[in-house]
Number of protein chains: 2
Amino acid sequence: MTAEVKPAALRLTERQEARRRRILHASARLASRGGFDAVQMREVAENSGVALGTLYRYFPSKVHLLVATMQDQLQHMHETLRKRPPTEAEPAARVAQTLMRAFRALQREPHLADAMVRALTFADRSVSPEVDTVSRLTTAIILDAMGLADSPTPEQLSAVRVIEHTWHSALITWLSGRASIAQVKIDIETVCRLIDLTAPAPAR
Amino acid sequence: MTAEVKPAALRLTERQEARRRRILHASARLASRGGFDAVQMREVAENSGVALGTLYRYFPSKVHLLVATMQDQLQHMHETLRKRPPTEAEPAARVAQTLMRAFRALQREPHLADAMVRALTFADRSVSPEVDTVSRLTTAIILDAMGLADSPTPEQLSAVRVIEHTWHSALITWLSGRASIAQVKIDIETVCRLIDLTAPAPAR
DNA sequence: CGAGTCACTGGAACTCGTTCTAGGCTAGCG
DNA sequence: CGCTAGCCTAGAACGAGTTCCAGTGACTCG
């Protein structure tokens with residue numbers, strides 16, 4: 001019975017787990033409206049039924065909160081993508097297809113995307129561990145799409161990093177209205193060509 | 001005589017021009033110490049000898065100010081690079097060399113780099129025109145390095161955009177301590193290979 | 001010269017992220 | 001049963017970005 005909850009050591013009571021969920025939920029909801037600015041800590045606290053101090057105990061800053069929110073969303077996305085893997089044959093095309101799917105998902109909640117991406121790139125060193133987690137999740141998604149969850153070469157990892165860079169930065173230009181959806185698509189497809197350069201063993 | 005000053009219509013008095021310079025200078029100086037957080041509007045105002053309200057008349061927000069600071073620095077960089085163009089033979093290598101030079105310059109003032117890059121990626125739509133100027137400057141620098149200041153193909157422009165994405169995002173990961181200098185170098189070199197893919201006419 | 005206009009000044013005021021304080025509730029333990 | 005430790009709440013307080021306002025000085029136009 002007592003062993004029913006798994007994170008006994010790290011994350012305490014399930015009541016606390018519930019609080020955490022409520023907070024993340026409120027955060028996402030507020031973000032879905034006005035974006036980064038609309039996520040106000042007092043509002044998040046109210047909407048999730050905790051005191052301001054408690055909110056800060058769970059997430060030491062607004063950026064921490066939003067990055068955690070992004071983790072949460074990415075996790076969903078990852079699971080969804082696992083269930084419906086890309087249909088293309090070539091690794092480059094598979095990655096492009098996957099990222100475009102993710103992009104379309106973000107388009108459905110542009111304000112939420114704004115809040116999360118802005119937080120991610122604005123994060124300073126104190127948020128590094130959390131940002132790193134997001135980065136690892138993203139890497140995993142891309143590697144999955146390439147069809148090599150393991151055994152990537154260092155060259156391939158570099159290509160994946162560059163793809164991630166492009167992904168984040170392209171999102172920002174889109175969110176700030178400086179690039180169109182079509183442009184983002186082109187950029188993604190362009191960078192995915194790098195994968196061909198670091199092609200699977202045979203091409204070497 | 002009266003034609004000596006060019007921006008007669010847009011930017012008024014030379015006294016105003018001087019104020020603007022003082023503000024940008026103060027901004028850069030403060031940024032060189034503590035980075036983004038150390039650039040406090042009240043301090044910038046004091047240090048440049050203008051009232052807070054005046055500072056806001058010149059730069060409608062802290063982000064505007066820092067993006068303008070970046071414009072300023074980029075302009076210097078561009079001129080410097082023009083004087084000492086890259087020595088490599090291949091376009092890809094030339095671009096990589098140029099960006100690594102810029103990177104080394106940023107390493108000399110990491111706090112300033114932090115302030116400028118954070119502002120750039122945090123900027124919202126209200127700063128789009130200014131951010132766009134920075135982007136055009138960066139594009140010009142890269143095209144210069146490739147050796148084709150004019151007549152780039154759409155394909156090449158895509159590659160340049162992707163290189164810019166990588167450049168900004170890689171800087172961020174470096175600034176937030178999540179990537180080493182060596183890693184940034186690798187990422188830059190990796191993305192520059194894209195140039196070979198959109199090679200000059202002959203290779204088509 | 002006089003009046004109006006406009007940029008600039010000094011400083012108060014407002015917002016929102018963040019921190020701090022005092023007190024209350026719960027849970028385990030003597 | 002009463003105590004102690006921790007977590008939580010309500011709310012005040014502080015800091016920095018941003019806005020506002022009244023006043024002042026300079027320049028222009030009549």
Side-chain angles (χ1 to χ4, degrees), chain A residues 1-2 5 7-23 26-27 30-31 33-69 115 118-119 122-127, chain B residues 2 7-23 26-27 30-31 33-69 114-115 118-119 122-127 130:
Chain A
M1 289 301 181
T2 62
V5 286
L10 187 60
R11 192 55 70 178
L12 288 193
T13 331
E14 62 183 79
R15 180 126 62 131
Q16 286 176 319
E17 194 56 40
R19 255 192 277 260
R20 194 186 137 88
R21 295 256 120 250
R22 283 206 310 278
I23 294 175
S27 165
L30 286 173
R33 314 206 200 304
F36 189 88
D37 294 332
V39 180
Q40 303 195 352
M41 299 304 268
R42 284 174 239 257
E43 283 230 12
V44 174
E46 267 186 48
N47 288 14
S48 48
V50 304
L52 191 54
T54 305
L55 171 52
Y56 274 95
R57 178 186 302 276
Y58 281 74
F59 302 96
S61 80
K62 173 169 172 171
V63 169
H64 280 86
L65 171 58
L66 284 173
V67 171
T69 304
R118 295 262 290 286
F122 191 60
D124 66 357
R125 298 181 113 86
S126 70
V127 203
Chain B
T2 61
L10 188 61
R11 194 54 73 178
L12 287 191
T13 330
E14 64 183 76
R15 180 126 60 134
Q16 285 175 321
E17 194 56 40
R19 254 192 279 259
R20 194 186 136 88
R21 296 256 120 252
R22 283 207 308 281
I23 294 174
S27 164
L30 286 173
R33 315 206 198 303
F36 189 88
D37 294 332
V39 180
Q40 303 194 353
M41 298 304 268
R42 284 173 239 258
E43 283 229 12
V44 173
E46 266 185 49
N47 288 16
S48 48
V50 303
L52 191 54
T54 306
L55 170 53
Y56 273 95
R57 178 186 303 274
Y58 281 74
F59 302 97
S61 81
K62 173 169 172 170
V63 169
H64 281 86
L65 171 58
L66 285 173
V67 170
T69 305
D114 171 79
R118 295 263 290 288
F122 190 59
D124 66 357
R125 298 181 113 84
S126 70
V127 204
E130 288 80 359

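- Atom OG1 of A/Thr54 sits about 10.0 Å away from atom CD of A/Gln16, to the nearest 0.5 Å.
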Problem set entry | Verdict with supporting geometry, B/Asp124 and A/Arg118, side chain to side chain contact (heavy atoms under 4.5 Å, CB included) | CA-CA 9 Å; B/Asp124 66 357; A/Arg118 295 262 290 286; 3.9 Å; yes

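- A 4.5 Å side-chain heavy-atom check between A/Met41 and A/Leu65 finds at least one atom pair inside the cut-off.
- Shown here are the salt bridge (Lys or Arg N to Asp or Glu O under 4.0 Å) partners of B/Arg21, two or more places apart in sequence or in another chain: B/Asp72.
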Problem set entry | Annotated protein contacts, base or backbone, on nucleotides 23-28 of chain D with a non-hydrogen cut-off under 4.0 Å, one of B, S, - each | ------

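- In summary, contact between chain A and DNA chain C, defined as any nucleotide atom under 4.0 Å from a heavy atom of the protein, begins and ends at C/dC16 to C/dT19 in the 5' to 3' direction.
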Exercise. Does the pair B/Arg19 and B/Thr13 meet the rule for a side chain to side chain contact (heavy atoms under 4.5 Å, CB included), with working shown?
Worked result: CA-CA 10 Å; B/Arg19 254 192 279 259; B/Thr13 330; over 6 Å; no

For this session: Could you encode protein contacts along nucleotides 4-17 of chain D as a string, one character per nucleotide from 5' to 3', using B for base contact, S for sugar-phosphate-only contact and - for no contact, with a heavy-atom cut-off of under 4.0 Å?
Result: ---SSBB--B--BB

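- Scanning all heavy atoms of the two residues, the minimum distance from B/Leu66 to B/Ala119 falls at CB-CB, 3.4 Å.
- Looking at B/Gln40 and B/Leu30, their side chains never come closer than 4.5 Å, going by heavy atoms from C-beta outward.
- Partners of B/Ser61 under the side-chain hydrogen bond (donor to acceptor under 3.5 Å, both in side chains) rule, at least two apart in sequence or in another chain, are B/His64.
- The nearest pair of heavy atoms linking B/Ala26 to B/Asn47 is CB-CB, 4.0 Å.
- Legend: residues meeting ring pair (Phe, Tyr, Trp, His ring centres under 6.0 Å) with A/Phe36, ordered by chain and number and at least two apart, are B/Phe122.
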